[in-house]
Novice: 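To start, I am sharing the structure in question, which I have written as structure tokens.
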Amino acid sequence: MLSPLEAMLQTIVFGRLRGMLLGPVKRCFEVFCIYCQSGHIEEPYVSITKKRQMPKNGHSEEIEKEVGQAEGKLFTHRSAFSRASVIQAFLGSAPQLTLQLYISALQQDTTVGRSLCMFLSLLSIVYGALRCNILAIKIKYDEYDVKVKPLAYVCIFLWRSFEIATRVIVLVLFTSVLKAWVVLVILINFFSFFIYPWILFWCSGSPFPENIEKALSRVGTTIVLCFLTLLYAGINMFCWSAVQLKINNPDLISKSQNWYWLLVYYMLRFIENAFLLLMWYLYKTDIYMYVCAPLLILKLLIGYCTAVLFMLVFYQFFHPCKKLFSSSVSDSFQQWLKCVCCPCRRQKSSESIGKTDLRSPEDRDETPSSSKISSMPSQILTADESCSA
């Protein structure tokens, strides 16, 4: 039996999903009509697009392509479908999966229908995260002809599956034992990612962006940017968003590849997951009596590390634009190791110098040094030179 709060949350989630499904149905009908009329109606005009190929042996050729009106509309609808899948995944399927898994944990029972619903929700979130990765690549490298290979899709799918599944399970376990404190965790996560792009915008001193949409007023532009940061925060709540929102940029996305921000995100997220699992282990109730808690914690942490491993493999070997990177993942990791190891080496060298300085004067006199030996011939030479003078 569900509590009133849980029933209300479930109603809100399903109500949002029913409302979001109307737009894709309309777009599917328009795409079907365009496809049926494409071979019968002559194109009134065509546009020419220019894309550059990926560099081969240091050279990159530019390719021109004619795009008809029907093909342009299909491309617009395809882009809208991709963005809608991201919105639906993280504002619809993610809360639904968390809620259904939370109910299953409290009731200690999972029906076939609920299992199917959770499986489809997980696939929806993973697909939305995958589309978010592809959209980020195409936006960052818009002037290039980006072709994603099948192995890249497989690597992204495994990366996102492990990351999102472990994150949702950790949140559900923590919520099941500390219901009040989970609100604080969600608010800290959400407002950190929601406010961060605005803080960067205010610190940069850039003017307010006016070129997002000509038909929008200043208030409408502000509302659109707030919804965009809302989606950005919702994505980063469950997984890495693959983009950095930059409000003062005309494209609203930073096109630089910042490996250190990626490293900081996954390190902090791993520490947070470990802390939440520790709190669950300390305050777990009787419903987890037959669960081996240390083994479950170990599996979840290993699962998150597996997600990071697939992410590194993707950026190192399967990224479609890896030839355009100023530095690869391995190079950045080596630089990070040098930065970490250099202070340790300096500390060891300073300790060894301090030990030699602390030796007694008697030991210094008894031990022959090269400086004394090398100074003797110079003294003899100076004496001979003085005599001859």
Novice: When clusters are formed by joining ILVMFWY residues with side-chain heavy atoms under 4.5 Å apart, either directly or through shared neighbours, do L116 and V112 land in the same one?
Specialist: no
Novice: To the nearest 0.5 Å, tell me how far L122 CG sits from C117 SG.
Specialist: 11.5 Å
Novice: Give the ring-plane orientation class for H319 versus Y141, where under 30° counts as parallel, over 60° as perpendicular and anything between as tilted.
Specialist: perpendicular
Novice: Identify each donor-acceptor pair in which a side-chain atom of residues 193-205 lies under 3.5 Å from a protein atom, sequence neighbours left out, and give them as a table.
Specialist:
{"unit_1": "S204", "atom_1": "OG", "unit_2": "L200", "atom_2": "O", "d": "3.4"}
{"unit_1": "S204", "atom_1": "OG", "unit_2": "F201", "atom_2": "O", "d": "2.7"}
{"unit_1": "S204", "atom_1": "OG", "unit_2": "S206", "atom_2": "OG", "d": "3.3"}
{"unit_1": "S204", "atom_1": "OG", "unit_2": "N248", "atom_2": "ND2", "d": "3.4"}

Novice: Output all residues satisfying side chain to side chain contact (heavy atoms under 4.5 Å, CB included) with S104, sequence neighbours left out; order by chain, then residue number.
Specialist: T110, R114, M118
Novice: Can you pull out every side chain to side chain donor-acceptor pair (under 3.5 Å) where at least one residue sits in residues 151-162? Sequence neighbours excluded, please.
Specialist: N133-R160, W159-E163, W159-Y266, R160-E163
Novice: Can you tell me if R167 uses its side chain to pair, donor with acceptor, with the backbone of Y304 under 3.5 Å?
Specialist: no
Novice: Please check if the side chain of T306 supplies one atom and the backbone of I302 the other of a donor-acceptor pair under 3.5 Å.
Specialist: yes
Novice: Is a donor on one side and an acceptor on the other found under 3.5 Å between the side chain of Y232 and the backbone of S241?
Specialist: no
Novice: Mind checking whether V185 and L178 have side chains closer than 4.5 Å, heavy atoms only?
Specialist: no
Novice: With sequence neighbours left out, what residues match V182 under side chain to side chain contact (heavy atoms under 4.5 Å, CB included)?
Specialist: F174, T175, I186
Novice: Is there a side-chain contact between Y265 and N236 in this structure, where contact means two heavy atoms from C-beta onward sitting under 4.5 Å apart?
Specialist: yes
Novice: What distance separates L309 CG from L158 CG, expressed to the nearest 0.5 Å?
Specialist: 10.5 Å
Novice: Can you list everything that forms a ring-ring contact (aromatic ring centres under 6.0 Å, His included) with Y288? Sequence neighbours excluded, please.
Specialist: W280
Novice: Give me the other members of the hydrophobic cluster that V264 sits in, counting Ile, Leu, Val, Met, Phe, Trp and Tyr linked by side-chain heavy atoms under 4.5 Å, directly or via other members.
Specialist: L268
